[in-house]
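Just so it is clear, the structure is predicted and the values come from calculations on it, not from any experiment.
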Amino acid sequence: MGSKDFVIRNYEESRLSDRAQVADLEQRCEIGPSKRVFLFTDTLGDPICRIRHSPLYKMLVAEWNNEVVGVIQGSIKTAFSSTHKRPGLAAKVGYLLGLRVAPPFRRRGIGSSLVHDLEDWFVANDVDYCCMATEKDNHASVNLFINHMRYVKFRTGRILVNPVTNYPYKINQSEIKIQKLKIEEAEEIYKKHMTSTEFFPKDINSILKNNLSLGTWVAHYKKQPPPWSAAADIRSSWAVVSLWNSGEVFKLRLGKAPFPWVVYTKSLRMMEKMLPCLKVILVPDYFKAFGFYFVYGLHHEGACSERLVGVLCEYVHNLALSNAKDCKAIVTEIGGEDDELKMAIPHWKLLSCSEDLWCVKALKSEEDSLLEWKNGPPNRPLFVDPREV
């Protein structure tokens with residue numbers, strides 16, 4: 001099949017056939033490293049749901065003989081970048097996600113054509129950089145973007161997944177204070193402490209005000225003043241996180257899991273039925289569609305502040321356990337190679353991804369910026385926009 005046998009066009013939301021075919025394509029394409037775990041997505045009848053809350057977005061489909069065989073999504077936002085040619089000023093950043101090609105039509109140039117056309121849309125909208133993320137084990141994606149499309153790896157993120165179990169964490173409230181912030185307070189803290197974070201969005205206020213954003217919480221040791229207090233200084237230890245209800249946008253379903261995981265979870269349920277007095281901690285059934293909360297805007301400062309991040313993640317788990325019926329996981333992505341922070345955040349290794357490759361491409365020939373990204377410190381923080389999860 002040659003390139004003339006398929007066409008790339010805009011996804012038409014008003015066409016019921018587009019909705020149905022894209023939803024079917026999502027069901028046929030797994031995500032995640034197939035040797036370990038893979039997931040299927042359920043967009044709840046809205047294929048464009050993952051980018052709908054972005055300031056500007058587009059979806060393209062590849063069509064062959066009136067059949068949708070490929071799809072890609074993209075969004076554009078204004079964000080801060082430490083490597084931009086005008087430090088301290090914002091750049092226009094395009095984010096590429098959701099590239100899917102039906103299995104029988106792979107290795108025929110459809111994926112690269114979708115990427116090229118989406119990049120043309122970025123260029124037409126004066127985008128400075130475009131970026132994407134993929135699992136290290138996704139060899140086809142790595143080969144396409146890095147080897148053929150000239151993207152540069154600039155960060156290795158870690159996606160940490162913590163199941164929402166049947167028992168809450170016990171939080172030491174005598175030593176640590178957790179407080180929910182008003183939107184204005186959260187915005188002030190983020191703008192004061194995170195504008196140097198890679199890809200920090202200029203419209204952070206829009207994210208915090210979105211109905212899917214469940215709130216922002218800050219934790220600090222009771223012996224120290226809170227970060228917004230006039231008495232706080234650079235020695236104060238504190239942490240802040242915000243929470244996004246991704247389960248209202250789309251659901252996930254486990255399609256495959258390691259055999260030890262299956263045996264372990266079934267054994268736990270058997271023990272709970274036989275010996276309920278043991279209060280066995282059960283893992284949710286991920287083989288049925290489930291929702292999840294995404295932790296974003298994670299930031300911490302001061303000595304032992306990693307512990308405060310962990311406590312906030314435990315607090316978020318307890319919120320999900322008490323308030324959400326179908327939230328079965330808490331997902332957190334951290335940029336860089338901060339092992340101490342990783343160990344502080346509760347997660348299960350079998351469900352998590354330790355190497356999520358973030359890649360970037362300059363659309364205005366700013367090679368110096370790419371070199372700085374590529375050679376920059378691996379633990380430089382990265383803001384993961386919940387609208388692009």
Side-chain angles (χ1 to χ4, degrees), residues 30-41 97 132-139 141-142 153 155-166 169 239 241-247 250-265 268 281-298 300 306-307 309-321 324 327-359 378-379 381-386 388-389:
E30 72 277 2
I31 59 176
S34 58
K35 291 183 179 179
R36 183 166 57 91
V37 172
F38 67 69
L39 300 164
F40 292 102
T41 58
L97 71 161
M132 51 77 63
T134 187
E135 298 90 354
K136 181 183 178 181
D137 293 335
N138 190 338
H139 302 297
S141 181
V142 171
K153 172 194 167 186
R155 189 78 82 261
T156 300
R158 293 172 173 180
I159 302 175
L160 307 178
V161 180
N162 190 35
V164 177
T165 59
N166 53 328
Y169 287 99
V241 299
S242 293
L243 196 60
W244 188 269
N245 188 4
S246 296
F250 64 96
K251 307 292 184 185
L252 296 174
R253 175 175 59 84
L254 192 62
K256 174 184 174 182
F259 181 70
W261 165 267
V262 177
V263 173
Y264 178 65
T265 54
L268 289 178
I281 296 178
L282 299 180
V283 179
D285 183 2
Y286 289 130
F287 290 97
K288 297 179 181 179
F290 64 92
F292 66 98
Y293 284 169
F294 182 75
V295 175
Y296 73 97
L298 186 158
H300 64 99
E306 292 86 359
R307 180 190 174 198
V309 173
V311 169
L312 283 173
C313 290
E314 292 175 349
Y315 182 82
V316 165
H317 168 278
N318 294 351
L319 283 178
L321 178 62
C327 178
K328 304 302 182 185
I330 308 298
V331 180
T332 307
E333 181 160 9
I334 58 175
E337 301 175 3
D338 192 336
D339 290 328
E340 192 171 350
L341 179 60
K342 174 190 171 185
M343 295 301 296
I345 296 175
H347 66 281
W348 284 41
K349 184 177 179 180
L350 278 174
L351 296 174
S352 302
C353 175
S354 60
E355 293 186 277
D356 190 39
L357 301 184
W358 279 77
C359 304
N379 59 348
L382 175 73
F383 188 96
V384 182
D385 195 321
E388 300 165 347
V389 172

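Within the model, atoms OH of Tyr315 and CG of Leu243 stand 10.5 Å from one another, a figure rounded to the nearest 0.5 Å. The NZ atom of Lys328 sits 10.5 Å away from the CZ atom of Phe290 when rounded to the nearest 0.5 Å. Atom-to-atom distance recorded for Thr332:OG1 and Leu341:CG is 9.0 Å, nearest 0.5 angstrom. To the nearest 0.5 Å, atoms CG (Leu382) and CG (Leu298) are separated by 11.5 Å. For the atom pair OG of Ser354 and NZ of Lys349, the computed distance is 7.5 Å after rounding to the nearest 0.5 Å. We find the CD1-CZ distance between Ile345 and Arg158 to be 10.0 Å, quoted to the nearest 0.5 Å.
Across every non-hydrogen atom of Lys136 and Val142, the tightest pair is O-CG2, 4.0 Å.
Evaluation of the salt bridge (Lys or Arg N to Asp or Glu O under 4.0 Å) rule for Asp385 yields Lys77, Arg387 as partners, not counting sequence neighbours. The side chain to side chain donor-acceptor pair (under 3.5 Å) check on Tyr293 picks up nothing, with sequence neighbours excluded. Scored by the side chain to side chain donor-acceptor pair (under 3.5 Å) test, Lys251 finds Asp326 as partners (sequence neighbours excluded).
At least one side-chain heavy atom of Leu351 sits under 4.5 Å from a side-chain heavy atom of Tyr286. Between Trp358 and Val384 there is a side-chain heavy-atom pair separated by less than 4.5 Å. Counting heavy atoms from C-beta on, the side chains of Phe292 and Leu252 come closer than 4.5 Å.
Looking at Thr134, its side chain never comes within 3.5 Å of a backbone N or O of Leu357 through a donor-acceptor pair. Checked by atom type and distance alone, the side chain of Asn162 never pairs as donor or acceptor with a backbone atom of Ile330 at under 3.5 Å. Without hydrogens or angle criteria, His317 side chain to Thr165 main chain gives a donor-acceptor distance under 3.5 Å.
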